[in-house]
Amino acid sequence: MRKFFVCLMLCIAIGATAREKRDDSKYLAGAVPEVNGLVTFKKSFTVPGKSPQEIREVVKTLIGGMVNNSIPAPGNYARIMEDSEQCFVARVCEWMVFKKKFLNLDRTRFRYQIEVNFEGSRVETTIHQLTYYYSENMEGEQGMLFKAEEWISDKEALNKTQTKLYPKSGKFRRKTVDRMEEIFDNLMDAFEEKEVAPVKPVRKSVVED
């Protein structure tokens, strides 16, 4: 019994040490940008050598796939809002998973609007209206709805000295920042020639601002 207790305490200590060593510098002040008080992520780049129509089709295919793969949400949230030569706007709803283990699934419904504006070979992408529907029951009801502004902003997710993330909202902030980077990377990589070798390609077809 004593050995079991010692092992348990060691595991707890190791886990605590691992948490202490987490490098959150990437997610501290400024990691979640705001425009007029609203959480707004932006990315712009140009695609030399591609026609506006070719660029638009690539974007439409990628984001259209995100809409089609969206999970159900109240009010038919996921859909294409605008599809024109100058702009493509869609709403997406997907699972954001924090922990997935046997009998322990921690996740939230993550909803956002993505807007892409086209100007010649230039692509400007904006993601905003981020919300989270968390801690729902098996029927998808009685969950808590959070807006990004009241949950992952610098004001709400960082301590007073802006050196640490609060535990509860911090996990949302980390996952959101990573997901935004992933979406922007996927969008730029969609214009790249596929590499034969399974290595991360060096972008040659887009010029990032």
Taking the side chain as every heavy atom from C-beta outward, state whether [X] and [Y] have any atom pair closer than 4.5 Å.
X    : Y    : answer
R173 : L158 : yes
D154 : L28  : no
K43  : I183 : no
L130 : W151 : no
F88  : E115 : no
D83  : R56  : yes
I55  : F191 : yes
I80  : K60  : no

Mark yes or no for whether [X], through its side chain, and [Y], through its backbone, hold a donor-acceptor pair below 3.5 Å.
X    : Y    : value
T108 : Y133 : yes
E54  : S51  : yes
R91  : Y77  : no
S25  : D23  : no

Practice task
Run the numbers on F45 and L187 for side-chain contact (heavy atoms from CB on, under 4.5 Å), then give the verdict.
Solution key: CA-CA 10 Å; F45 57 90; L187 193 56; 4.0 Å; yes

Exercise for the section: State which residues pass side-chain contact (heavy atoms from CB on, under 4.5 Å) with K171; sequence neighbours excluded, sorted by chain then number. Expected result: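 side-chain contact (heavy atoms from CB on, under 4.5 Å) check on K171 returns F98, D106, Y134, R174.
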
Exercise for the section: With sequence neighbours excluded, tell me which residues meet side-chain contact (heavy atoms from CB on, under 4.5 Å) with Y166. Expected result: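 Scan of Y166 (side-chain contact (heavy atoms from CB on, under 4.5 Å), adjacent residues dropped) gives N159, S169.
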
Practice task
Using the rule that two of Ile, Leu, Val, Met, Phe, Trp, Tyr join whenever any of their side-chain heavy atoms come within less than 4.5 Å, decide whether V123 and F184 are in one cluster.
Solution key: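 Linked, V123 and F184 end up in one cluster.
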
Any chance you could measure [X], atom [atom1], to [Y], atom [atom2], to the nearest 0.5 Å?
X    : Y    : atom1 : atom2 : answer
Q113 : I127 : CD    : CD1   : 10.5 Å
E149 : H128 : CD    : NE2   : 10.5 Å
E136 : L145 : CD    : CG    : 11.5 Å
I71  : W95  : CD1   : CH2   : 4.5 Å
N186 : L62  : CG    : CG    : 6.5 Å
N117 : R122 : CG    : CZ    : 10.5 Å

Handout entry: Residue E119 excluded, over 12 heavy atoms near CD under 6.0 Å
Key =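 No, not enclosed.
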
Exercise for the section: Verify the neighbour count for atom NZ of K26: are there more than 12 heavy atoms of other residues, nucleotides or ligands below 6.0 Å? Expected result: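 Buried by this count: over 12 neighbours within 6.0 Å.
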
Practice task
List in chain and number order the residues that pass salt bridge (charged side-chain N to carboxylate O under 4.0 Å, His left out) with E85, two or more places apart in sequence or in another chain; answer none if no residue qualifies.
Solution key: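 With neighbours one apart ignored, the set is empty.
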
Return the minimal non-hydrogen interatomic distance between [X] and [Y], and the atom names on each side.
X    : Y    : answer
A73  : C93  : CB-SG, 3.7 Å
V177 : V32  : CG2-CG2, 3.9 Å
A190 : V58  : CB-CG1, 3.6 Å
E34  : S153 : OE2-CB, 3.3 Å

Practice task
Pick out which of M81, E82, E124 makes a side-chain contact (heavy atoms from CB on, under 4.5 Å) with C87.
Solution key: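 Considering M81, E82, E124, a side-chain contact (heavy atoms from CB on, under 4.5 Å) with C87 is found only for E82.
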
Exercise for the section: On the 0 to 90° scale, with breaks at 30° and 60°, tag the Y132-F110 ring pair as parallel, tilted or perpendicular. Expected result: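 Parallel: the ring planes of Y132 and F110 meet at under 30°.
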
Exercise for the section: Compute whether any side-chain donor of one residue and acceptor of the other, for T176 and Y112, lie under 3.5 angstrom apart. Expected result: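 Short answer, no.
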
Practice task
Report the residue from R179, R107, K175, R111 that forms a salt bridge (charged side-chain N to carboxylate O under 4.0 Å, His left out) with E94.
Solution key: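 Exactly one candidate clears the test, R179.
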
Practice task
Could you give me the CA-CA distance, side-chain angles and deciding distance for Q129 and L38, then say whether side-chain contact (heavy atoms from CB on, under 4.5 Å) is met?
Solution key: CA-CA 8 Å; Q129 297 184 24; L38 300 177; over 6 Å; no

